[in-house]
Amino acid sequence: MTSSLEDSLTAAQLEAVRHREGPLLILAGPGSGKTRVVTHRIAHLLEQGIPASQVLALTFTNKAADEMRQRLGQLAPGQSIWMGTFHRFGAFLLRRHAERVGLRENFSIADVDDSRRILKAACADARVDLEMATPESIAQAISWAKNNLITAELYQPRPGSAVGALAARVYPVYQQRLLRANLVDFDDLLLHVATLLRENPELRESLDRRYRYVMVDEYQDTNLAQYAIVRSLSIDFPNLAVTGDPDQSIYGWRGANLSNILDFERDFPRVNVVRLEQNYRSTRRILRVADELISHNVRRKHKELFTENPEGQPVRLIEFASQHDEADHIASRIQADLRAGRRRARDFAVFYRVNALSRALEQAFREQGIAYQIVHGVEFYQRKEVKDLLSYLQLVNNPANDAALLRVINTPTRGIGATTVERIQAFASAHGLPLIEAARRSGMIPSLNARAAVAVARFVTLLDRLRELATEPVARILERLLDETGYRKTLEGSDAPEDMDRLANIEELLTDAAEFDQRHPHETPLEPFLEQTALVNDTDDLEGASDRVTLMTLHAAKGLEYPVVFIVGVEQGLIPHERSREDDAQLEEERRLLFVGITRAEAELTLSYCQYRVTHGMNRAVVPSPFLMELPRREMDVVTAPRLTPQYGRDKARGGAEWGEDWLPTTQLRDDARELPMSHGPSEAQEQEDQHIEIDYLDECETNQDSPTRRPASGSSASRVAKPRREATMAPASGTASGNPLAALAGKLRTAADLAESLDTPLPSAPSAMSPEVFAHGMRVQHPEYGVGQIVHLVGTGPKRTATVRFQRDGVEKKFRLAFSPLRPM
DNA sequence: TGTGAGTTGATTTTT
DNA sequence: TCAACTCACA
């Protein structure tokens, strides 16, 4: 009997759904109904009498797992299979077999913060000086190793890699510290489990038998550790079904190995491959733009994306003068649609490459009174007060948790300062003890003075007392510790306004805990609660419910869809990101990231970039993303937005007549903006722009000193006087007067390299600032205000080059960042 | 030991 | 720019 569930499925979808035994690879393009297929397949398996306990479904995000669970709930009510993220599954297995990898079952999961803390301590232990590398870079090296199943013992640094050499020294110490604190970091959740499965064949076999039908979502994002886990569960019963899309692999930086999916057919020779290529989400135009972009990637599996959806509107590409214009325009356009009743706020999403770009958007949305929500990776559980309290809870559950202890030993302040903590740490390292045990022996630490020792002893007693509550409901433990630690009182006694917010957050945490307690009435809820807070970020359930515009990073957008999508900051250095520049594989990943963003859009898509963007407090000329040149112009409307920011700064315009209520940006755009001609000479637009250039300098008085495309400064001030940007950015080879990158797009320039080359001309700098490199120690200089002086000290390079000048007039010394100062050599 | 001003330095993505 | 960190002082 064919289930009625399957009536509406296409042939390809049906094939995947009906597949039962043996390996299955579902190559699912964006919007191809992948989740639907997967949930139907599970329902189908269950329908055929396969016990729910034999089915395991692994996802990357909680969001994906939740959605699947919910949809499955509709198809097969009451059946519950193990479904969740890899990390959660790792934690689940590890709890049961912790002792086999040297942990105790009440281990805690260190978040990034905790793990950095431990890492820094490990660096200190290993006497690694951090001149050559940041803890961050070492952490990355270790993380990379773990994701590739390289344990501390096996780690071999790449020859010549300074960071690698340091990591080799720190890694064992770090790992030892984690074990001592009964802690695992995120990567350990996978690495330990992989090790467990490799070293315990009987355990592997029993799990393989138990999880007979394993499903993996987003397979393109698996790293080696995840691969190993999945593989070990599919040896005797190779009913492994994976879904994925190589074109949507965007987690290479986290160790994802694209080969896992590209080579799946080699790993499992008898695999059944199903391609889901029909898109049910986007208009034809959007899909063609996406397809054209991604076709520039080499490492992929070709797919024929198609859709029966309508043609749709052209994809818009807009050039703005500044990020404020960009944000204002988007906000206004959304506002116009909302007012006209054409759309609801939840229909809109704005994507950006880096979180920092949300700021301008937020400001614009607030000013225009548009409800929005930001999907932030962190938020609630990362707030100081919440983390503090969670750390106390961690200590109740696992007193050996050094990271948690370090966090709260003096929070609220109780007279245990940095020096004291250092001495306890030294004692702990020397004796191989967790910090709590060292603290317990505070009386025996000779370097501690009596007062400190007493304070520490008091703290230990406090923890011991709290620890007795370990089996109580979480909310009750929280209440008690808020009182006994004095945490609440400290905040209540404070008159700092942010402390009121903190109290509110604490209330929220209490509610959270109480709810959790209710949902877990039969167990000791503390440990699962802590696991939840470590592995779930609260934005996972941010979706849907509220009617707001959603702002998020491109990464966060994966798996989602919206009727109207804006992607801002499509610029060189952003997408592709600065750090992905030299590496082809990384460049392809950036392209996929943009592909993911584009394919989120159902009906309308707008890409935009700015001529100038403020980054790190500096206003810099922007190069549009080379990816833009890979998009098919025939599917697009390419427009330059009129400058919204008037001459005397944008604040003046607010509320002014020209910023009227009925300002409809779309109309305005259409009327005023010119479709860029294939090539054009100096024009009205240019003159207009020349004016703006001056305003920029007056406003910002910044140079573009360390813009990545710059050549080293030549040193001659005369040549560096502001020039119209048109000239500065035009392609010398093309011979047209059009420096507008968009025109270049349409004109003779063909490749990103061409564009970069064309822009590798000194950009205009602020009229007053000199190249920092022309200054030398002892040089006599002139300052418009302070007069004549002499450079007595000189440090730093580039924009950070700072001179100390002693002025003749009254012998006073002043420091200047040379790149921005009006100093001139005499 | 705790606090505030001043300085420096770093800027991606997330389980 | 802005947040984290340092250093001087109470």
Side-chain angles (χ1 to χ4, degrees), chain A residues 58-65 84-91 109-113 115-116 134 136-137 140 143 146-147 184-191 218 221-223 225-226 249-256 323 351-360 375-379 381-382 410-421 449 451-452 455 496 531-537 539-540 552-558 569 573-580 586 589-590 592-593 596-597 613-620 700 702 706 795-800 802 815 817 820:
Chain A
L58 297 172
T59 64
F60 272 82
T61 63
N62 294 294
K63 200 153 57 185
T85 63
F86 266 102
H87 290 85
R88 208 169 243 272
F89 183 63
I109 299 164
D111 65 10
V112 176
D113 225 57
S115 113
R116 284 305 169 279
T134 58
E136 202 53 42
S137 61
Q140 249 178 35
S143 173
K146 287 185 172 183
N147 285 326
V184 299
D185 63 20
F186 283 130
D187 303 319
D188 283 340
L189 286 172
L190 306 174
L191 177 58
E218 309 280 13
D221 285 332
T222 47
N223 58 38
Q226 288 160 326
S249 167
I250 54 176
Y251 286 104
W253 52 275
R254 217 169 75 189
Q323 55 199 341
F351 305 149
Y352 34 79
R353 175 66 229 265
V354 299
N355 280 118
L357 294 195
S358 72
R359 200 166 284 171
V375 179
H376 244 131
V378 279
E379 280 317 287
Y381 292 125
Q382 296 298 327
N410 201 30
T411 323
T413 55
R414 47 173 74 91
I416 305 176
T419 331
T420 308
V421 172
N449 63 42
R451 202 174 68 182
E531 192 166 308
Q532 155 117 345
T533 58
L535 295 179
V536 176
N537 65 41
T539 53
D540 282 334
M552 68 180 110
T553 62
L554 285 161
H555 281 88
K558 190 159 79 161
L574 242 29
I575 328 179
H577 193 270
E578 190 56 40
R579 296 196 189 179
S580 318
Q586 285 187 47
E589 178 151 319
E590 297 286 313
R592 292 194 291 267
L593 193 53
V596 166
R613 186 178 293 279
V614 178
T615 345
H616 318 321
M618 262 195 268
N619 202 22
R620 295 178 178 176
E700 312 289 340
E702 298 269 15
D706 55 354
V795 289
T797 54
K800 296 217 175 105
T802 305
K815 278 192 184 175
R817 296 255 255 192
F820 316 122

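Letters go in sequence order (proteins before strands), and every chain restarts at 1. Model, not experiment: these values are computed from the prediction.
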### Task
Would you mind classifying the nucleic acid contact of Phe60(A) as base, sugar-phosphate or nothing, using non-hydrogen atoms under 4.0 angstrom?
sugar-phosphate
### Same-atom distance (P) from dT12(B) to dC5(C), integer angstrom
15 Å
### Query
Which nucleotide in the set dT13(B), dT1(B), dT15(B) lies at the smallest distance from any side-chain heavy atom of Thr419(A)?
dT1(B)
### Message
Rounding to an integer number of Å, can you tell me how far Glu136(A) CD sits from dC5(C) P?
### Response
12 Å
### Query
For Tyr352(A) and dT13(B), what is the distance between atoms OH and P respectively, to the nearest whole Å?
9 Å
### Summary
Arg451(A) atom CZ is separated from dT1(B) atom C1', nearest whole Å, by 7 Å
### Query
When all nucleic acid strands are considered with a 4.0 Å heavy-atom cut-off, which category describes Asn410(A): base, sugar-phosphate, or nothing?
sugar-phosphate
### Query
Of Thr413(A) and His577(A), whose nearest nucleotide on DNA chain B comes first from the 5' end?
Thr413(A)
## Note on the structure
Arg359(A) has its side chain closest, among dT15(B), dT13(B), dA3(C), to dA3(C)
### Query
Quick one: the side chain of Arg353(A) and the base of dT13(B), do they pair up donor-acceptor inside 3.5 Å?
yes
### Message
I need the CE-C1' distance between Met552(A) and dT13(B), as an integer number of Å.
### Response
14 Å
### Query
Are the side chain of Asp111(A) and the backbone N or O of Ala534(A) linked by a donor-acceptor pair below 3.5 Å?
no
### Query
Among Lys558(A), Glu218(A), His87(A), which one satisfies side-chain contact (heavy atoms from CB on, under 4.5 Å) with Phe60(A)?
Glu218(A)
### Query
Within this structure, what is the CD-to-P distance between Gln140(A) and dT14(B), rounded to whole angstrom?
14 Å
### Task
Rounded off to whole Å, could you give me the NZ-to-P distance for the Lys146(A) and dT14(B) pair?
21 Å
### Task
Report yes or no: does Glu590(A) contribute a side-chain atom to a donor-acceptor pair with the main-chain N or O of His577(A) at less than 3.5 Å?
yes
### Query
If each of Ala556(A) and Thr420(A) is mapped to the nucleotide of DNA chain B with the nearest heavy atom, which maps nearer the 5' terminus, i.e. the 5' end?
Thr420(A)
### Task
Return yes if some donor-acceptor pair links the side-chain N/O of Asp185(A) with the main-chain N/O of Asp188(A) below 3.5 Å, else return no.
yes
### Message
Can you measure Asp113(A) atom CG to dT15(B) atom C1' for me and round it to whole angstrom units?
### Response
15 Å
### Ion pair check, Arg116(A) and Glu136(A), cut-off under 4.0 Å
yes
#### Entry: Atom-pair distance (CG on Leu189(A); P on dT14(B)), nearest Å
18 Å
